[in-house]
Amino acid sequence: MHPAFSVIFLTTLLGAGQGLFLAMFTGQLYAIARFLPVQEDQFYALGSLIALLLLVIGLGASFFHLGRPERAWRSAAMWRTSWLSREVIILPVLMALVFAYSVAHLMHWTTPWFSIAEVLGVDATLLLGLLGTIASFALFVSTAMIYASVKFLEEWHSAFTVFNFTFLGLASGFTLAAAYSAYIGNPLVSFFGTWAVVLTLAALLSRGAHLMRNARLKHKSTVQTAIGVRHTAVVQKAQGAMGGSFNTREFFHGRSPETVRLVRNTFLVLVFPIPILLIVAAYLIESTTLPVLAFVIQYLGLIAERWYFFAEAKHPQNLYYQSIS
Amino acid sequence: MTQLALVIDLNVCVGCHACVTSCKEWNTSGWAGPMVDQNPYDGSPTGTFFNRVQTFEVGVFPNTETVHFPKSCLHCEEPPCVPVCPTGASHKRADNGIVLVDYDKCIGCKYCAWACPYGARELDEQQKVMKKCTLCIDRITDATLSDRDRQPACVLACPTSARLYGDVHDPDSEVSVAIRERGGYQLMPEWGTKPANHYLPRQKNRMYISPDELTRVDNPLRKEDLTTYTGEETLDDVAW
């Protein structure tokens with residue numbers, strides 16, 4: 001497939017935004033359970049505002065993928081069948097919840113409404129955080145299922161696609177939370193850093209397994225099934241047009257196999273080992289800048305990762321568009 | 001229920017592209033148009049087509065066959081492009097089974113093109129909406145036309161009658177009989193899309209080529225004569 005930068009930025013920015021919001025709420029939950037010191041409301045509010053900003057930029061990027069962006073409002077219509085519609089519905093819901101969570105903290109709406117078992121005081125921020133968590137995971141699943149549900153894009157048609165989108169989004173979000181904490185001098189940096197390392201390792205396991213699965217993949221369609229001629233030697237001589245077409249531009253990345261391999265190796269280095277090493281180093285030398293560097297490098301790696309995700313997928317329609325002559 | 005479709009006979013398609021040009025001519029000026037070409041006279045021409053004839057070579061020289069392979073939207077009975085469409089622009093008509101795009105609803109997200117394993121959909125670079133074969137819906141539903149004219153433009157244009165058109169759900173229709181009696185098949189059956197369009201396979205032709213048929217015996221200029229000329233009398237030496 002042809003990797004479109006609008007979709008690359010959409011999926012990576014949404015992932016980091018959802019991850020950062022979940023990191024903020026995780027910090028709050030740990031504080032409620034008294035595993036961590038309680039932070040000022042402003043910490044959660046500002047963190048979730050950054051998450052909201054990422055979601056907004058991601059949504060903005062998505063419009064560049066549309067031929068007719070002025071009609072984008074129509075895209076929520078088919079939520080019963082289309083994962084794209086479901087994503088279009090869940091994204092604004094999540095944005096509203098993240099915004100409300102941030103406002104609730106800014107306004108100190110932390111007086112408990114009621115309490116469960118007389119220990120857990122349930123206030124507005126806890127409820128909004130909980131709803132936001134559900135919406136975040138629903139969005140991870142919706143975004144990933146847009147790709148995973150297309151069954152003949154066999155590189156994508158796998159549960160690994162959903163796991164990767166989720167784990168990579170969480171990993172980049174928690175790395176960003178560590179960077180944010182380090183930048184403002186908050187002590188939670190080692191808590192977020194630890195989770196960032198754990199989630200990055202989980203993402204490495206899932207993405208590594210996905211790469212190995214795809215390397216062994218044997219495609220169902222061949223040029224024989226494509227034209228229905230059962231002969232071992234079938235070669236395309238002409239594709240019905242002297243130049244290119246939508247089909248030759250949309251479904252092939254146009255790069256050499258060496259470039260694609262280079263991008264894969266680049267993302268394997270940038271997304272996983274370097275951010276982990278930087279966060280460990282930041283913990284050891286108590287650096288406030290290394291976590292920021294870790295996030296920037298991991299995000300650049302994620303752009304390469306998403307590019308490779310698209311470039312790797314081989315669409316069966318390419319069987320009809322192999323030779324121009 | 002009616003399911004209109006094309007049945008394409010690969011035995012007689014000669015790859016003349018008459019279906020391609022008549023399709024473009026009819027549809028660019030009709031309900032589905034315009035279907036604009038970009039850079040038509042430059043090095044990289046491109047444009048929107050509903051129908052293309054592709055050419056495949058089967059076998060190894062000298063035992064080769066050229067297969068001209070016309071391909072347009074197959075109007076699947078289980079169209080994977082329809083459920084993925086977020087706006088409902090992509091739909092399958094209940095009355096005749098034709099898969100259509102509502103150009104006023106399409107947002108050009110290309111998801112339906114990704115979801116079509118056949119590469120039958122093309123984004124129009126001018127209107128920025130997804131386009132594909134309509135089976136000439138504006139012709140075949142026009143009651144003012146004569147029965148002969150109420151057929152897709154490609155079917156009317158085909159000089160060898162390689163394209164049959166009709167209801168594949170009607171067991172007595174010309175297309176159903178052709179599919180049944182001549183082994184009509186579907187493309188990429190492995191995906192369960194159940195294309196309505198079918199193809200009639202090429203009939204078995206056995207060909208024996210003896211080596212001396214590859215070189216002309218009567219070869220006065222010795223253009224293809226790879227054997228050594230030893231000076232014996234040839235036609236060239238004959239005094240007329």
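Below, chain A is the first sequence line, B the second, and so on; all start at residue 1.
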Report which part of [X] has an atom under 4.5 Å of a heavy atom belonging to chain A: side chain, backbone, both, or neither.
X	result
B:H68	neither
B:V58	both
B:Y199	neither
B:R202	neither
B:E125	side chain

Nearest 0.5 Å please: distance from the [atom1] atom of [X] over to the [atom2] atom of [Y].
X	Y	atom1	atom2	value
B:R121	A:N247	CZ	CG	12.0 Å
A:Y321	B:R52	OH	CZ	5.0 Å
A:S323	B:F56	OG	CZ	9.5 Å
B:C109	A:R74	SG	CZ	13.5 Å
B:T55	A:Q236	OG1	CD	8.0 Å

List the steps and the verdict of side chain to side chain donor-acceptor pair (under 3.5 Å) for A:T225 and B:E190. CA-CA 8 Å; A:T225 69; B:E190 62 271 24; 2.9 Å; yes
Please identify, among [options], the residue contributing the most non-hydrogen atom pairs under 4.5 Å to chain A.
options	value
B:E65, B:Q54, B:K128	B:Q54
B:D124, B:V53, B:N39, B:L123	B:L123
B:M130, B:E57, B:H17	B:E57
B:T46, B:I107, B:V129, B:V60	B:I107
B:G108, B:P201, B:G119	B:G119
B:P117, B:P45, B:S44, B:P189	B:P117

Pick whichever of [options] has the most heavy-atom pairs under 4.5 Å with chain B.
options	result
A:V7, A:T232, A:L84	A:L84
A:R249, A:R86, A:Q322	A:R249
A:S85, A:S75, A:G244, A:S245	A:S75
A:G243, A:A313, A:A72	A:G243

[X] and [Y]: which non-hydrogen atoms are nearest, and at how many Å?
X	Y	value
B:C85	A:S82	O-CB, 3.8 Å
B:A113	A:H315	O-NE2, 3.9 Å
B:M188	A:A226	CE-CB, 3.8 Å
B:C116	A:F152	N-CZ, 3.7 Å

Has [X] got a side-chain atom pairing as donor or acceptor with [Y]'s backbone, closer than 3.5 angstrom?
X	Y	value
A:K151	B:W191	yes
A:R71	B:C106	yes
A:R68	B:K105	no
A:Y320	B:A120	no

Considering only heavy atoms, which portion of [X] lies under 4.5 Å from any heavy atom of chain B: side chain, backbone, both, or neither?
X	value
A:E70	neither
A:I227	both
A:S149	side chain
A:H65	both
A:V150	side chain

CZ of B:R180: more than 12 outside heavy atoms within 6.0 angstrom?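 Yes - once you tally the heavy atoms of other residues, nucleotides and ligands closer than 6.0 Å, there are more than 12.
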Checklist entry - For atom CZ of A:F252, is the number of surrounding heavy atoms from other residues, nucleotides or ligands below 6.0 Å larger than 12? => result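 Yes.
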Mind checking whether B:W114 and A:F310 have parallel, tilted or perpendicular rings, split at 30° and 60°?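 Correct class here is perpendicular.
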